[in-house]
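Okay, structure first, notes after.
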Amino acid sequence: MKHGFYYDFELPRPITEEDLKDIEARMREIIAEDHPFVRRVITPEEARELFKDQPYKLELIEDILKRGTDEYGNPLPPGQQPVLTTYRHGPFEDLCRGPHVERTGQLNPKAFKLMNIAGAYWRGDEKNPMLTRIYGTAWRTPKELRQYLNWLEEAKKRDHRRLGRELGLFYFAPEEIGPGIPLFAPKGEIVRHLMESFVREVQTRYGYQHVWTAHLVKQNLYRKSGHLDNYAEFMFPPMVDGEDVYRLKPMNCPSHMTLYKKMGVHSYKELPLRFAEFATLDRYEKKGELQGLTRVRALTQDDAHIFCTPDQIEQEFLLALKIIQEVLNRYRFTDYRVRLSLRGKGEKYIQDEEKWKQAEGALRAALKAAGLDYFEAEGEAAFYGPKADFLATDVLGREWQLSTIQVDFIMPARLGLTYIGPDGKEHTPVVLHRAVTGTTERFLGILIEHFAGAFPVWLAPVQAVLIPITDRHVAYAREVAEKLRARGLRVEVDDGPERMNYKIRKAQTQKVPYMLVVGDKEVAEGTVAVRLRSGENLGPMSLEAFLQKAQEDIEAGV
RNA sequence: GCCACCGUAGCUCAGUCGGCAGAGCAGCCGCCUCGUAAGCGGCAGGUCGCGGGUUCGAGUCCCGCCGGUGGCUCCA
């Protein structure tokens with residue numbers, strides 16, 4: 001772990017926060033006793049005897065010996081033989097690969113803290129029993145510990161769930177509407193709208209066409225596509241209408257592919273055909289997995305399906321990468337990593353060596369051409385083909401998948417898609433599934449944390465607030481607001497009875513980019529006094545000068 | 001879904017040993033007319049998540065459910 005440690009236990013009773021205090025106290029005693037850590041290489045027989053009462057340890061031992069893996073089940077580096085080692089301090093000897101510090105006394109008794117308790121499946125498999133995991137954090141000095149705890153507090157203030165409410169962007173009504181189904185207030189809706197308009201503009205520029213397919217789909221289509229077999233647990237229960245059974249749409253691919261078919265016979269000359277849609281999908285996510293906007297049950301993908309020939313995969317993949325890069329850059333969003341997800345061993349991947357090889361080669365070539373750093377992950381591919389995923393980190397260090405581009409060899413054939421090739425014969429197109437920001441909801445959640453709620457001017461729900469100093473300046477403030485609105489800015493007038501300082505504070509906490517203060521001087525000169533949310537006071541300027549400043553900021557994306 | 005914890009006013013939180021439900025902010029009304037991060041006074045606001053149980057008496061104790069938080073598993 002990055003900032004600490006954890007250890008899993010099987011305990012006879014639930015552990016409480018108070019227990020953690022006692023354990024910390026005991027840990028401090030052990031540190032004070034300054035035991036040396038003693039490493040020992042043991043034989044399999046010794047190991048089995050030593051840990052005979054600890055079934056989980058025995059399982060680890062057998063695994064290390066049998067499969068030559070380390071304690072996490074990962075393969076050892078080539079050439080290395082499995083070795084069983086223990087570390088002992090005082091009377092406690094534990095199976096451990098190490099390394100350790102030399103003595104318990106080297107730890108700072110004031111620089112660690114047990115943080116929380118959580119359940120964790122044995123070896124991360126939900127079929128296994130659940131153990132109790134205790135998380136802790138450890139630092140060199142008490143100061144570093146304090147800084148870390150402080151950082152955690154600051155991170156909580158950036159949490160998109162909290163900022164979403166404080167900034168009036170969105171709300172959840174789990175009791176009334178349902179868990180994981182967000183409600184967007186006017187300020188949140190305008191941000192969504194701006195995000196989607198932006199992606200739509202970029203996609204259009206890159207030759208994508210937008211389509212619309214509805215939310216209800218006959219279940220039979222999902223039977224044909226294979227989703228009913230593989231995806232049923234993520235779908236809301238069926239709606240029965242006499243003979244017909246409908247489902248809420250959990251993804252667009254079958255709808256887009258049906259549209260492709262309905263549009264008639266396709267020639268290879270039409271390809272690639274790129275269908276994009278901002279579609280709200282409904283997925284029955286498990287309740288414990290829901291989390292703010294990053295994991296919801298109603299999600300809007302900026303989805304697209306590209307119908308192409310096999311030898312167009314590389315160019316289309318590259319085009320999609322370019323769109324993603326352009327969009328992420330506009331958000332000044334650089335904190336992500338790219339994963340090339342490849343097939344692993346196993347039955348679930350469709351068996352067609354040639355197609356996999358061709359697609360994987362095309363993806364690598366395109367990633368290289370796009371100049372993207374990426375890492376490869378075996379066993380992360382979809383069963384129908386390899387993919388590239390963009391992973392972003394939220395303010396608390398949790399990683400989320402945003403953009404994705406996936407190659408699909410199988411669904412087009414299942415749904416009977418064809419095009420007529422130059423040879424006059426029918427062929428099955430390859431389909432690329434791809435999402436730029438992933439979903440509007442998750443991306444917005446990450447963006448809120450990324451900007452700590454202070455959206456760049458082009459995205460800010462309210463771009464400027466007019467702050468009249470006294471009542472007699474309200475009419476002028478309204479007049480200015482109208483003029484700015486006419487020029488396309490999103491402007492509000494704070495005409496409440498409070499004092500100017502209060503209104504500035506309010507605008508400041510709402511992270512409004514520009515505060516336009518107007519008093520006697522501004523009315524007389526036809527200006528506005530511009531204050532930025534950074535606290536910087538630009539002083540009075542004409543409306544034209546302000547509009548130019550705003551325009552520059554919008555273009556610069558600040 | 002699983003493990004642990006939590007649920008009191010719109011928000012943040014207090015409420016002792018089981019004995020009359022509280023504060024700040026936000027809201028509403030009034031006063032103040034003010035130059036770059038909270039002016040002053042007043043008023044209103046509650047099925048203590050829901051249902052059951054124990055008790056003379058439950059926000060407080062017990063059981064079930066709903067919802068949330070942190071993890072685990074899964075995922076855009």
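Order of the sequence lines sets the chain letters (A, B, ...), proteins ahead of strands, with each chain counted from 1.
Put simply, the side chain of A:Gln463 gets close to the backbone of A:Arg490: a donor and an acceptor are under 3.5 Å apart.
Proximity note for A:Pro174 (side chain, C-beta onward) versus B:G67, B:A76, B:G35: the nearest is B:G67. Side-chain atoms of A:Arg295 lie closest to B:C75 of the nucleotides B:G70, B:U73, B:C75. Between B:C32, B:A37, B:C34, one nucleotide has an atom nearer to the side chain of A:Pro497 than all others, and that is B:C32.
The CZ atom of A:Arg330 lies 9.5 Å from the CD atom of A:Glu326; values are rounded to the nearest 0.5 Å.
For B:G15 and B:C61, the P atoms lie 13 Å apart once the distance is rounded to whole Å.
Taking side-chain N and O atoms only, A:Arg499 has no distance below 4.0 Å to OP1 or OP2 of B:C40. The phosphate of B:G71 (OP1 or OP2) has a side-chain N or O of A:Arg398 nearer than 4.0 angstrom. Of the side-chain N and O atoms in A:Gln291, none sit less than 4.0 angstrom from OP1 or OP2 of B:C75. Checking the phosphate oxygens (OP1, OP2) of B:U73, no side-chain nitrogen or oxygen of A:Arg123 falls inside 4.0 Å. Phosphate proximity of B:A26 to A:Tyr502: present, with a side-chain N or O under 4.0 Å from OP1 or OP2.
For residues 283-290 of chain A, proximity to RNA chain B is found at A:Arg283, A:Glu285, A:Lys286, A:Lys287, A:Gly288, A:Glu289, defined as any non-hydrogen atom under 4.0 angstrom from a strand atom. Contacts between residues 506-523 of chain A and RNA chain B, defined by a heavy-atom separation under 4.0 Å, are made by A:Gln508, A:Val517, A:Gly519, A:Asp520, A:Lys521, A:Glu522.
In RNA chain B, consecutive stretches of 3 or more Watson-Crick or G-U wobble pairs with both distances under 3.5 Å are given as paired ranges: B:1-7 with B:66-72, B:10-13 with B:22-25, B:27-31 with B:39-43, B:49-53 with B:61-65.
Toward the 5' end of RNA chain B, the nearer of the two residues A:Tyr135 and A:Lys387, judged by each one's closest nucleotide, is A:Tyr135. Each of A:Ala120 and A:Ser403 lies near RNA chain B, and the nucleotide nearest A:Ala120 is the one positioned closer to the 5' end.
For the residue pair A:Arg192/A:Thr300, the side-chain donor-acceptor check at 3.5 Å is satisfied.
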Report all interatomic pairs (protein N or O, nucleotide N or O of nucleotides 4-10 of chain B) with separations under 3.5 Å.
none

Let me have the donor-acceptor pairs involving side chains of residues 533-540 of chain A, under 3.5 Å, with sequence neighbours excluded, atom names and distances please.
| unit_1 | atom_1 | unit_2 | atom_2 | d |
| --- | --- | --- | --- | --- |
| A:Arg533 | NH1 | A:Phe455 | O | 2.9 |
| A:Arg533 | NH1 | A:Lys511 | O | 2.9 |
| A:Arg533 | NH2 | A:Phe455 | O | 2.7 |
| A:Ser534 | OG | A:Glu536 | N | 3.3 |
| A:Asn537 | OD1 | A:Gly539 | N | 3.0 |

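The aromatic rings of A:Tyr148 and A:His3 are tilted relative to each other, their planes meeting at an angle between 30° and 60°.
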| salt bridge (Lys or Arg N to Asp or Glu O under 4.0 Å) between A:Asp553 and A:Lys549, worked out | CA-CA 6 Å; A:Asp553 288 348; A:Lys549 158 79 179 154; 3.2 Å; yes
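Partners of A:His305 under the ring pair (Phe, Tyr, Trp, His ring centres under 6.0 Å) rule, at least two apart in sequence or in another chain, are A:His256, A:His433.
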